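The structure presented is a predicted model; accordingly, all values stated were derived computationally and were not measured. Naming: A, B, ... by sequence-line order, numbering from 1 per chain. All heavy atoms count here, side chains included; hydrogens, waters and symmetry mates do not.
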There are 2 protein chains.
Amino acid sequence: MASNRPGPNLSRIAASLGVSVATVSNALSGKGRVSAELGERIRATASALGYVPSQAGRALRTGRSGVLGLVLPDISNPLFPQIAQAMEYAASIAGYGVLIADSRGDVARQTEAINRLLERGVDGMIIVPRRGTRIADIGCPVAVVDTPSTPGNTVSADHWQGGRQIAKYLHDLGHRDFLLLGNNPASNVQNDRIGGIKSALDGSSRVEVLWIEKIEERDGAGCPLGLADKARDGFTAFAAVSDLPALRALTELQRAGVSVPGCVSVTGFDDLIWSPVVTPALTTMRMDMATIAEIAIAALVEAIEKRAPGETSEDELLSGIRRIVTATVSRVPMQLIVRQSSGPAKPGKTDPSDGELPK
Amino acid sequence: MASNRPGPNLSRIAASLGVSVATVSNALSGKGRVSAELGERIRATASALGYVPSQAGRALRTGRSGVLGLVLPDISNPLFPQIAQAMEYAASIAGYGVLIADSRGDVARQTEAINRLLERGVDGMIIVPRRGTRIADIGCPVAVVDTPSTPGNTVSADHWQGGRQIAKYLHDLGHRDFLLLGNNPASNVQNDRIGGIKSALDGSSRVEVLWIEKIEERDGAGCPLGLADKARDGFTAFAAVSDLPALRALTELQRAGVSVPGCVSVTGFDDLIWSPVVTPALTTMRMDMATIAEIAIAALVEAIEKRAPGETSEDELLSGIRRIVTATVSRVPMQLIVRQSSGPAKPGKTDPSDGELPK
DNA sequence: AACACTTGATTAAACGATTAATCAGTTGTT
DNA sequence: AACAACTGATTAATCGTTTAATCAAGTGTT
């Protein structure tokens, strides 16, 4: 009997005040011409009746759903909570909802996930690409959050600068022998971080890079990385390009009796959930996700809302080239978080028996 | 000039075949009466033109958006990637999209987040409540994923059984002195896990519970938990109710020179991302998120789709009481993942110098 | 041949909001 | 006084889909 959608609609408000729906719509959107007095009365009864505009009706008419898609091809990424939280917050401030899409780590299914979002009529998408995948042209504005060195990147943390900063910090502590730990050399983010670290270290330092996935291909997943041997070889700074390999390094070294930070220092990137609670707590570089999300969403929303209906001519021109939005600020500085896993480099050979600073 | 939504709509297909839109709609949905031959022709041209139905139009007409809301009040929870991934997958199979909502850990903002979802017209929601928050009646079907002991729980892992299982495993290894590590006693999930563990240990074992947040209230966040002292007191099994405290215990013990699993065993819950890669890799209990998500989504979808339009009478009856959906299977078994952080209990006093099995 | 069914299609009315076009008054200008 | 300009409101069309109601034609029964 009753209408299947709960709550009042525009016409119910209009009827209860004896005015037309158009006037109610105008009053609530503030667009047409409505007298101040009537406008006030309309707003009052609208909120009294608990009016909630129907997104479906609005979407149908305006052609905009008010929803953005968030594509994280590597959803198992421990950064996901941070990203999702920041994006959802920034989007909700801008009046948008966030629809998630997952391609279960499979690069081929990334397209499928994107299509699902398009079918749901998202107005734009935020894509955090997996390992430098290039984003093909899709039918809506896209913000790409990867790394500044990637062509087409909209906004991201300044991974290179982050690398320089952690390198400088360790160098200032006296470290001259750096073992860098990465997962996969195909990752633009990891390469930038490593590039930044290397660029900050002049010829006075020794730098070696260990790619974990390559080692695992040979020795199996979860295999030991032989870091204690590296410590014996004189490496004192174990700088991982993410907190996951940093944690791996920390536990492997600890297990082998190498004291951290007594003998060697271990640092990470991203300030993941566990970094403050492990012992010793992890020194790391944090991304300013809130700012990154804010910029990405703002750029996206601008691209969505500036396109007045019926600009297909210019649109066609753009779509052939790219629909990837740009932002004036595209690199957001990273922040050094100093905790207990890093300390002054011990002069001379590493001695597993010293440096047990308790606490 | 051109229509602002790209791609063809029903009427374009209808026009190009010289039939009515209703016939096209019937053919594509398979609902009305259409001759087999024409139906085939319609489907062919629809896919040839790349027809994608407008969710907005459909939503407006049917009153259903095809979108579910996912509410995770504690989004910084490291389980989030697992949950989001599983839910999104199960939902996409059922033809639904997933809109995320975050209340930034703030219990008060949970209502706000739920309202945002309602305003976007979600057809139902999955709520993973924060620490036993009771879900008030909201305007749509809700699936609650918490713990079987919570009233109103739709489906969840069988945390109690998981506790029994890990306890039995450790007991069989010879452990008799258990230190259980939890974060917060207000969490139903953690209490159930602890309850399960305790229930599996008869009088022959010593069991003590450490609530980390209580210790941190006194000593500050990230403070040492004094676990090495506990090991000295004779505790050999450190069973945490989540992998985060387990990792904390592991690193704190290692740092203090207590060998794991040589001197003591450490176990966790949830099989979080880092569990396989730390040294020693963490023995833990895994939830079957895929199954949980499948059940939750199925129950939700059934509640959504069974409600024929205009059942407000019965609806009113229900809404006053509860709109929380139920599933026939409400507890999903957990799975023991044995890795290297657990081993046989050493008889006699703990000696920090032994048990360095280098794998 | 008159009638009832079935089949295959069309017509038309929603769903709820937005907005261009229009209209009736009122005020202002010359 | 006549006309323009402005104000405050209404009318009506539109977005794309679904679906109940209707209709025309063919089939079968008596």
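Here A:R116 pairs with A:E112, B:E88 under the salt bridge (charged side-chain N to carboxylate O under 4.0 Å, His left out) rule; sequence neighbours left out. Applying the side-chain contact (heavy atoms from CB on, under 4.5 Å) rule to B:A298 yields no partners; only residues at least two apart in sequence or on another chain are considered. In this view, B:S330 satisfies the side chain to side chain donor-acceptor pair (under 3.5 Å) rule with no residue, not counting sequence neighbours. Under the side chain to side chain donor-acceptor pair (under 3.5 Å) criterion, A:T154 pairs with no residue, sequence neighbours left out. Applying the side chain to side chain donor-acceptor pair (under 3.5 Å) rule to A:D123 yields the partners A:S65; only residues at least two apart in sequence or on another chain are considered. Shown here are the side chain to side chain donor-acceptor pair (under 3.5 Å) partners of A:N115, two or more places apart in sequence or in another chain: there are none. With sequence neighbours excluded, no residue forms a salt bridge (charged side-chain N to carboxylate O under 4.0 Å, His left out) with A:R120.
Within residues 16-25 of chain B, the residues approached by DNA chain D to less than 4.0 Å at the level of any non-hydrogen atom are B:A22, B:S25, in residue-number order. At a non-hydrogen distance threshold of 4.0 Å, nothing from residues 37-45 of chain B comes into contact with DNA chain D.
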Q: Quick one, give me the B/S/- string for nucleotides 21-28 of chain D, reading 5' to 3', where B means a protein heavy atom under 4.0 Å from the base and S means that only happens at the primed atoms, P, OP1 or OP2.
A: --------
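For residues 27-39 of chain A, every residue pair satisfying the salt bridge (charged side-chain N to carboxylate O under 4.0 Å, His left out) rule, not counting sequence neighbours, is listed here: A:E37-A:R41.
For the helix from C:dA1-D:dT30 to C:dT30-D:dA1, the axis fitted to the five pairs at one end and the axis fitted to the five pairs at the other end meet at an angle of 50° (nearest 10 degrees).
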